Undergrad: 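Please find one structure pasted underneath; my questions will follow.
This structure is a prediction, so every number in the text was calculated from the model and none was measured.
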Amino acid sequence: MSGPANLSSQRVAIVDSIAPQSTAATVTSGWIDATVFHNFLALVQLGALGALATVDAKLQQATKTDGTGTKDVAGKAIVQFTKANNDDNKQAAINVKQEDLDFNNGFKFFRVSITVGTAASLVGASVLGLDARYGFASDNTNATEAQII
């Protein structure tokens with residue numbers, strides 16, 4: 001989808017997401033190829049947290065899109081959100097680029113993982129790809145990005 005010059009969607013695309021949902025478990029995005037964009041931004045979003053709930057979010061990396069060799073990306077985890085700290089309706093942003101992954105050992109895929117503990121809570125995430133290595137960012141959107149206006 002290319003269009004007039006200088007559109008934000010030429011530089012930024014939604015490359016994956018965790019649909020907003022109420023959960024008391026771990027939810028993850030799909031595996032994202034870190035070679036498609038220069039930079040990525042994972043946006044973790046909270047709604048109402050359940051009583052005594054905790055929410056952790058981190059990035060994980062793998063060597064293949066099936067999760068082969070899954071391990072955490074060093075330094076890419078949020079400080080835990082909690083109901084006790086009144087963290088309802090907050091967000092966190094996690095920056096990542098190819099250099100943050102164990103690229104020399106074949107780890108070129110990553111995903112967002114959100115773990116909710118104690119009580120069901122509303123969570124979601126979007127992963128943005130910024131500055132496509134080739135072409136426009138909008139040429140590399142996730143299938144769930146239904147419209148670019």
Undergrad: Let me see the working for L41 and I94 under side chain to side chain contact (heavy atoms under 4.5 Å, CB included), right down to the final yes or no.
TA: CA-CA 6 Å; L41 182 63; I94 307 171; 5.9 Å; no
Undergrad: Tell me if a side-chain donor or acceptor on D72 pairs with a main-chain N or O of A74 at a distance below 3.5 Å.
TA: no
Undergrad: Which of these passes side-chain hydrogen bond (donor to acceptor under 3.5 Å, both in side chains) with D102: K71, Q61, K108?
TA: K71
Undergrad: Do you know which two heavy atoms are closest between Q60 and W31, and how far apart they sit?
TA: O-CZ3, 3.6 Å
Undergrad: Have a look at F81 and tell me which of V116, D87, D56, I114 forms a side-chain contact (heavy atoms from CB on, under 4.5 Å) with it.
TA: D87
Undergrad: Does a side-chain heavy-atom distance below 4.5 Å link V36 with R133?
TA: no
Undergrad: Can you tell me how far apart NZ (K76) and CG (L101) are? Round to the nearest 0.5 Å.
TA: 9.5 Å
Undergrad: Between CD of Q98 and CZ of F103, what distance do you get to the nearest 0.5 Å?
TA: 3.5 Å
Undergrad: Measure across V112 and I18 and return the closest heavy-atom pair with its distance rounded to 0.1 Å.
TA: O-CD1, 3.9 Å
Undergrad: Walk me through whether K83 and D88 qualify under salt bridge (charged side-chain N to carboxylate O under 4.0 Å, His left out).
TA: CA-CA 7 Å; K83 181 68 170 185; D88 298 86; 3.1 Å; yes
Undergrad: Please examine the side chains of P20 and L122, heavy atoms only from C-beta on, and report whether any two atoms are closer than 4.5 Å.
TA: no
Undergrad: Provide the closest heavy-atom pair for A24 versus A119 in the form atom of the first, atom of the second, distance.
TA: CB-C, 4.1 Å
Undergrad: Do you know which two heavy atoms are closest between A34 and F110, and how far apart they sit?
TA: CB-CD2, 4.2 Å
Undergrad: What closest approach, in Å, do Q21 and V27 show between heavy atoms, and which atom pair accounts for it?
TA: OE1-CG1, 3.4 Å
Undergrad: Would a 4.5 Å heavy-atom cut-off, applied to side chains only, mark F109 and I32 as touching?
TA: no
Undergrad: Under the side chain to side chain contact (heavy atoms under 4.5 Å, CB included) criterion, do L43 and L128 qualify, and how do the steps go?
TA: CA-CA 8 Å; L43 301 171; L128 305 178; 3.9 Å; yes
Undergrad: Does some side-chain heavy atom of T23 sit less than 4.5 Å from a side-chain heavy atom of V123?
TA: yes
Undergrad: State plainly whether the residues D100 and K97 are in salt-bridge range, i.e. N to O under 4.0 Å.
TA: no
Undergrad: Could you pull out the closest heavy-atom pair between F37 and G129, with the gap in Å?
TA: CD2-C, 3.3 Å
Undergrad: Can you list the steps and then say if L49 with T82 is a side chain to side chain contact (heavy atoms under 4.5 Å, CB included)?
TA: CA-CA 8 Å; L49 301 181; T82 66; 5.9 Å; no
